[in-house]
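The model shown is predicted, which means the values in this text are computed figures rather than measured ones.
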Amino acid sequence: MTAITLRIPDAMDKTLRAAAADAPSLNEYIVRAVRRQMTIDAARKLASIAPLDLAGEGDAL
């Protein structure tokens with residue numbers, strides 16, 4: 001596990017807390033967002049390395 005320090009600009013604090021209102025905690029909301037973005041970034045990188053032939057696969061991924 002890697003620890004990170006995140007500095008949230010004062011201008012974003014209220015908006016971010018409002019977006020995270022349904023999450024168990026602000027930290028959990030941020031961790032989920034970072035994981036989601038890492039997954040998207042990895043998928044884009046994989047797609048650029050080896051184009052996939054997904055003809056007929058539909059939504060199987």
Participant: Does anything in residues 34-43 pair up under side chain to side chain donor-acceptor pair (under 3.5 Å), and if so which pairs, sequence neighbours excluded?
Facilitator: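 Sorted pair list: Q37-D41.
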Participant: Report the hydrophobic cluster partners of I40, with the cluster defined as I, L, V, M, F, W, Y residues connected by side-chain heavy atoms closer than 4.5 angstrom, directly or transitively.
Facilitator: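 Grouped by the 4.5 Å side-chain rule, I40 forms a cluster of one, so the answer is none.
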Participant: Could you list the residues that satisfy side chain to side chain contact (heavy atoms under 4.5 Å, CB included) with D22, not counting sequence neighbours?
Facilitator: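 Side chain to side chain contact (heavy atoms under 4.5 Å, CB included) list for D22, sorted by chain: empty.
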Participant: Can you list every salt bridge (Lys or Arg N to Asp or Glu O under 4.0 Å) pair that touches residues 1-15, not counting sequence neighbours?
Facilitator: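 Matches after skipping sequence neighbours: D13-R17.
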Participant: If the condition is side chain to side chain contact (heavy atoms under 4.5 Å, CB included), which residues does M38 pass it with, not counting sequence neighbours?
Facilitator: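 Result, side chain to side chain contact (heavy atoms under 4.5 Å, CB included) vs M38: V34.
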Participant: How would you list, by chain and number, every residue that makes a side chain to side chain contact (heavy atoms under 4.5 Å, CB included) with S25, sequence neighbours excluded?
Facilitator: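 Testing S25 for side chain to side chain contact (heavy atoms under 4.5 Å, CB included), a comparison that skips the adjacent residues, returns N27, E28.
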Participant: How long is the gap from CD1 on I30 to CG on L16, to the nearest 0.5 Å?
Facilitator: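 Between I30 CD1 and L16 CG, I get 5.0 Å after rounding to 0.5 Å.
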Participant: Same cluster or not: V31 versus L6, using hydrophobic residues (I, L, V, M, F, W, Y) connected whenever any side-chain heavy atoms lie under 4.5 Å apart?
Facilitator: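 No, V31 and L6 fall in different hydrophobic clusters.
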